[in-house]
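As structure tokens, the structure follows; a few thoughts come after it.
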Amino acid sequence: MKRNFFRLATYNANGIRARLHIILPWLKEHRADCLCIQETKVRNEDFPQKPFGEMDMNVAFSGQKGYNGVAVVSPHEIRDITTGFGLEKEDQEDAARLLTCRILDFDIVNTYVPQGRALDHPNFQKKLEWFSRLRDLFSKRYSVSDKFVWCGDINVAPEEIDVYAPEKKLNHVCFHESVRKAFKECMGWGISDCFRAVHPGEPEQYTFYDYRIPKALERKLGWRIDHILATKPLCTNIQDCFIDIEPRKAKKPSDHTFLVADFRI
DNA sequence: ATGGTAGTAAAACTA
């Protein structure tokens, strides 16, 4: 059965080799046209290409040892793959956090935005700069009239409803006003939050549950920090956008949290 | 106010 929409999803794997038992069945069941993965935590030479190839999926990946790492999986051809910000002397970590490609007539940017560690840590400045560098990349390489999607682990809860106990998170690197502002300024290039376009004002819609917090899912102690942002040609054609959490299928509840958007084509 | 656990990969480190 051919569908009249393009299904794009994003998933933070926290180690792709430890999540294949979740990712492979999920791909089969949901028939995503594009799955963007972050925190693969695997160097390129060790990337598990075979299991994807065996189910006729193409993969593009960019990783480093132990940390970070991004990948794109698709049943379609993955073209024009780039990693990092496209500098002559590319930073290894940036290359393992940013991968762009074309699938059908969609321009896709998959990012694992630096978490930032602490407000007074140098990594937090790097995080803020990432958003302006991304906006520069968008405006340099793409047009707002393109079918363009930026998705991934953005590490920002944009609004109070996007995190539990927001009053206690004002100095958190994923909720501080400076990082929310930086994210919004980046979006100001011309992209909108697909999830909020479909579910405006809906509270307790989270994409991330810290596995260190006991029963975080049941207690609704989560964050909406993974996002799918799209330009107007796509935003005006969103059929659906939803968070797929199926804890019954996972050993741990946070193992199985996908953010999905369906774009009418 | 802090810590809680998981993954990678072989002792810390990031989240």
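Quick note on labels: first sequence line is chain A, next is B, and so on, each numbered from 1. Predicted model, so just to flag it, every value in this text is computed and none were measured.
Here A:Phe208 lies out of heavy-atom contact (under 4.0 Å) with every strand. A:Arg97 comes within contact range of the sugar-phosphate backbone alone, with a heavy-atom separation under 4.0 Å but no base atom that close.
Between A:Glu177 and A:Lys184 no salt bridge is recorded (no basic side-chain N to carboxylate O distance below 4.0 Å). Remark: A:Glu54 does not engage A:Lys50 in a salt bridge, criterion side-chain N to carboxylate O under 4.0 Å. The pair A:Asp162-A:Arg196 meets the salt-bridge criterion, since a charged nitrogen lies less than 4.0 angstrom from a carboxylate oxygen.
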If a protein heavy atom is under 4.0 Å from the base, mark B; if only from the sugar-phosphate, S; if neither, -; do that for nucleotides 3-9 of chain B going 5' to 3'.
-BBBBSS
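A:Lys215 pairs by the side chain to side chain contact (heavy atoms under 4.5 Å, CB included) definition with A:Glu218, A:Arg219, not counting sequence neighbours.
Rounded to an integer number of Å, the gap from CD of A:Gln115 to P of B:dC13 is 16 Å. When the P atom of B:dA15 is taken as reference, atom CG of A:Asn12 falls 11 Å away, rounded to whole Å. Rounded to a whole Å, the OH atom of A:Tyr112 is 11 Å from the P atom of B:dT14. To the nearest angstrom, P of B:dA1 lies 12 Å from NZ of A:Lys168.
Here the separation of B:dA15 from B:dG4, taken at their C1' atoms, is 12 Å to the nearest Å. Comparing the C1' positions of B:dT14 and B:dG3 gives a spacing of 16 Å, expressed to the nearest Å. For the P atoms, the distance from B:dG7 to B:dT2 is 27 Å, rounded to whole Å. Distance noted for atom P between B:dT5 and B:dA9: 22 Å (whole Å).
Under the 6.0 Å distance and 45° angle rule, A:Arg97 counts as a cation-pi partner of A:Tyr112. Figure legend: A:Arg133 and A:Phe85 shown as a cation-pi pair, the cationic atom lying under 6.0 angstrom from the six-membered ring centre and within 45 degrees of its axis.
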